[in-house]
Amino acid sequence: MRRDAPALPEAPAETQSPPLAPTSRMTARFDAALTRAGFSGAFGRDLLLGVFVALVSIALLYSVVVLARAEETPFAPAAVAVLVALTVVQSLTLCLRRRVPLLCLSIVVAAQIGMTLLLPADATFQGLAPFIAAYTCGTALSLKRFIRVLVTIALVFGVCGAVFALPPIASLAPPALVTDPVIAGLSQVVSAVLVFGVAGLVGNDVSMRRRYVHQERIRLVERERERVNGALRAERTRMARELHDIAAHHLSGMVVQAGAAEKLADRDAPALAPTLGWIRRQGKETLENLRMVVGALRDPGEFLGGGRGEVAGESDAPVPGMAVLDRLVETERELGVEVSLERTGPDLELPPVADVMFYRVAQEALANARDHAWGAPVRVELARGEREVELRVDNDPGAEREERAKASRGLGLIGMRERADLVGATLETGPTETGGWSVRLVLPLR
């Protein structure tokens, strides 16, 4: 029954899961292994990370102690024990990094200050916990807030370095950092900025990129949703046009014939049979068209047939198109309308959508002429050229039928214009010089 079966909108691209990259597969397997081992929450996995960082940091500390012993500046056993304890505390504090990042960073900073004060002047040691804690704070805090935290950390390190470099305190402490308090303070400030600042800024940049990617995905989903909604609105509009065309043409004709049958009922009973037969045929065709539209709304594959587009194979009605324009004109003539049809040019085959569009525009123009100019002659001209196809429907002045549906005023012209816009055609409507009405549809051929 219909050539241009409605196309259902495709599912959004985001709902289709792309294949995982090798790195993603390895990450997924590692994540599944941790879950099977019982480390499913953030606290458990961060605790496991803290244990790993503690082992690596103790190994680094051991290398520093061995190197100092080789250079004949050995650590005191008590200092080594305190350094190991601070390293373990600093590393295990990472289990709090995602729950309370600022508290985690504060403990890490305090432990790092203690380790710095225990180291000799010519020895340096830096574990992995400060980098991870600063990185986590960078991802969790805004840039301005992290800058304030970084300035605070740098001041604390600078003050501690300068105070412990003062002569009275430096003479009491076993490891003197440097002799000049100013240089000692600046050195600690630079060290804190390099360790905590760089890692935190990297984390902040990663967090900003993640938020940007997340917002882009949200925008893509919104655009896809708008595209799908637009397609659904367009489909509903197309179905509304189909229903309007069916009602405007078939049902209005049935109303005319029913009125004639009512007048013949008392005067000429034998003449009533052809009129009722016409109403029966038009009612059957109307039902078939309505079934086609409703079936397309539910499931085109179930309700639409194959090559001819028939409804479940039960309808023998031809596909609406210019090939059955003669039948459309003949139906109008059966209603008592004087209609002339003239075809010029070669018999070109139009694309299905354009073919149906020409048919529907001619159908609506004839229905409007029947409603607004009853009794006036109507001229239908179809001209096919090499560059364009033109349809023209003109009618002379006539009388407007009283039983015409008042609520349908204006919808026919809107539907014709929407159909023309879909295929890039030009529609011109307006009164003629003689007081009638003209509809002109032109489709350029590419």
Side-chain angles (χ1 to χ4, degrees), residues 39 43-98 100-138 149-150 153-154 156-165 169-170 172-179 183-200 202-203:
F39 300 98
F43 179 82
R45 295 190 176 186
D46 287 339
L47 180 60
L48 184 62
L49 173 65
V51 173
F52 174 77
V53 170
L55 294 176
V56 174
S57 300
I58 290 175
L60 294 175
L61 178 61
Y62 176 77
S63 63
V64 172
V65 172
V66 171
L67 183 61
R69 185 180 304 170
E71 295 179 354
E72 299 181 354
T73 56
F75 284 76
V80 174
V82 175
L83 285 172
V84 171
L86 290 175
T87 301
V88 172
V89 171
Q90 186 185 62
S91 301
L92 295 181
T93 306
L94 294 178
C95 66
L96 305 175
R97 68 186 186 97
R98 280 188 278 189
V100 278
L102 280 179
L103 177 61
C104 175
L105 183 62
S106 301
I107 298 175
V108 169
V109 168
Q112 187 64 37
I113 291 176
M115 287 188 290
T116 302
L117 297 177
L118 290 174
L119 292 173
D122 56 348
T124 58
F125 171 71
Q126 185 68 61
L128 300 180
F131 296 99
I132 299 176
Y135 174 86
T136 305
C137 277
V149 172
L150 179 61
I153 293 174
V156 171
F157 269 89
V159 170
C160 291
V163 168
F164 279 88
I169 300 179
L172 298 177
L177 295 176
V178 284
T179 56
I183 296 178
L186 291 177
S187 175
Q188 292 301 315
V189 169
V190 173
S191 176
V193 170
L194 291 178
V195 173
F196 295 94
V198 173
V202 170

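Gly127 approaches Ser57 most closely through the heavy-atom pair CA-OG, 3.8 Å. Looking at every heavy atom in both residues, Cys137 comes nearest to Pro101 through SG-O, 3.3 Å.
Phe157 places none of its side-chain heavy atoms less than 4.5 Å from the side chain of Val193.
Atoms OG1 and CD, on Thr116 and Gln126 in that order, are 7.0 Å from each other to the nearest 0.5 Å. To the nearest 0.5 angstrom, Thr136 atom OG1 is 11.0 Å from Leu96 atom CG. Note: Leu150 CG to Phe196 CZ = 9.5 Å, rounded to the nearest 0.5 Å. Distance check: Arg97 CZ to Leu49 CG gives 5.5 Å after rounding to the nearest 0.5 Å.
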Check: residues 74-95 side-chain donor-acceptor pairs under 3.5 Å, at least two apart:
residue	atom	partner	partner atom	Å
Thr87	OG1	Leu83	O	2.7
Gln90	NE2	Val108	O	3.1
Gln90	NE2	Gln112	OE1	3.1
Ser91	OG	Thr87	O	2.9
Thr93	OG1	Val89	O	2.4

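For the pair Ser106 (side chain) and Leu102 (backbone), a donor-acceptor distance under 3.5 Å is present.
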